[in-house]
S.K.: 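First, the structure itself, so that you have it in front of you.
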Amino acid sequence: MREPIFKAVAMPPRMFLAPFKIAAANLVLHGAFMMIGIAAFDLNPLTPLLSAVGCHFLLIFAGMKEPHLSNVLQSWGVSGPASTHNIYKSKGVKMAP
C-alpha cells in the first residue's frame with residue numbers, strides 16, 4: 001500500500017522561493033533599516049531595497065541547497081548548559097540531575 005508523502009514534510013513553506021521564516025525575517029529587517037535610514041539619514045529607499053533583493057537571492061540559493069534551512073537554523077541554537085551539577089559529592093561529572 002502506498003503511503004502519501006505530506007507536502008509540509010517533503011517541501012517546507014516558502015516565500016518567493018526562499019525558506020519562509022528566514023525570508024520573512026530578511027524582509028522585516030530590511031524594512032526597518034529602510035525606515036530608519038529614511039528618517040534619520042535621509043537615505044534613498046532604493047539602497048535597502050536592492051540590499052533586500054540581493055539577500056533574498058542568497059537565501060534562494062541557500063534554500064535550494066538545503067530545503068529545511070529554517071529548521072536547521074532553529075535546531076542550531078543553544079540546547080542547555082554545557083555542564084551538569086552533581087547532587088552528591090564525587091569525583092568527575094556524573095549524569096545525575
S.K.: Check each of I60, N26, L69 against P19 using the side-chain contact (heavy atoms from CB on, under 4.5 Å) test, and report the only one that passes.
M.R.: L69
S.K.: Should F57 and L17 be counted in the same cluster of Ile, Leu, Val, Met, Phe, Trp and Tyr side chains packed under 4.5 Å apart?
M.R.: yes
S.K.: Taking the side chain as every heavy atom from C-beta outward, state whether R14 and F20 have any pair of such atoms under 4.5 Å apart.
M.R.: no
S.K.: Going from CD on E66 to CG on N71, what distance comes out if it is rounded to the nearest 0.5 angstrom?
M.R.: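 CG of N71 is found 9.0 Å from CD of E66.
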S.K.: For H30 and C55, which heavy atoms make the closest approach, and how far apart are they?
M.R.: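 Looking at all heavy atoms of both residues, the closest pair is CE1-SG, 3.8 Å.
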S.K.: Would you say F16 ends up clustered with F61 if hydrophobic residues are merged whenever their side chains have heavy atoms under 4.5 Å apart, either directly or through other cluster members?
M.R.: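 F61 does not cluster with F16.
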S.K.: If you define the side chain from C-beta out and look only at heavy atoms, does anything of L43 sit under 4.5 Å from M34?
M.R.: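 They are not in side-chain contact.
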S.K.: Calculate, to the nearest 0.5 Å, the distance between atoms CD1 and CG belonging to I22 and L58 respectively.
M.R.: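 The CG atom of L58 is 12.0 Å from CD1 of I22, to the nearest 0.5 Å.
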S.K.: Closest approach of A23 and A18, non-hydrogen atoms and distance?
M.R.: CB-CB, 3.9 Å
S.K.: Would you check if the side chain of H56 reaches a backbone N or O of A52 as a donor-acceptor pair within less than 3.5 Å?
M.R.: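 Answer holds: no.
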S.K.: Are M64 and V72 connected, step by step, through hydrophobic side chains (Ile, Leu, Val, Met, Phe, Trp, Tyr) whose heavy atoms are closer than 4.5 Å?
M.R.: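 Cluster IDs for M64 and V72 differ.
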S.K.: Is there a path of hydrophobic side-chain contacts, each under 4.5 Å between heavy atoms, that joins L29 and I36?
M.R.: no
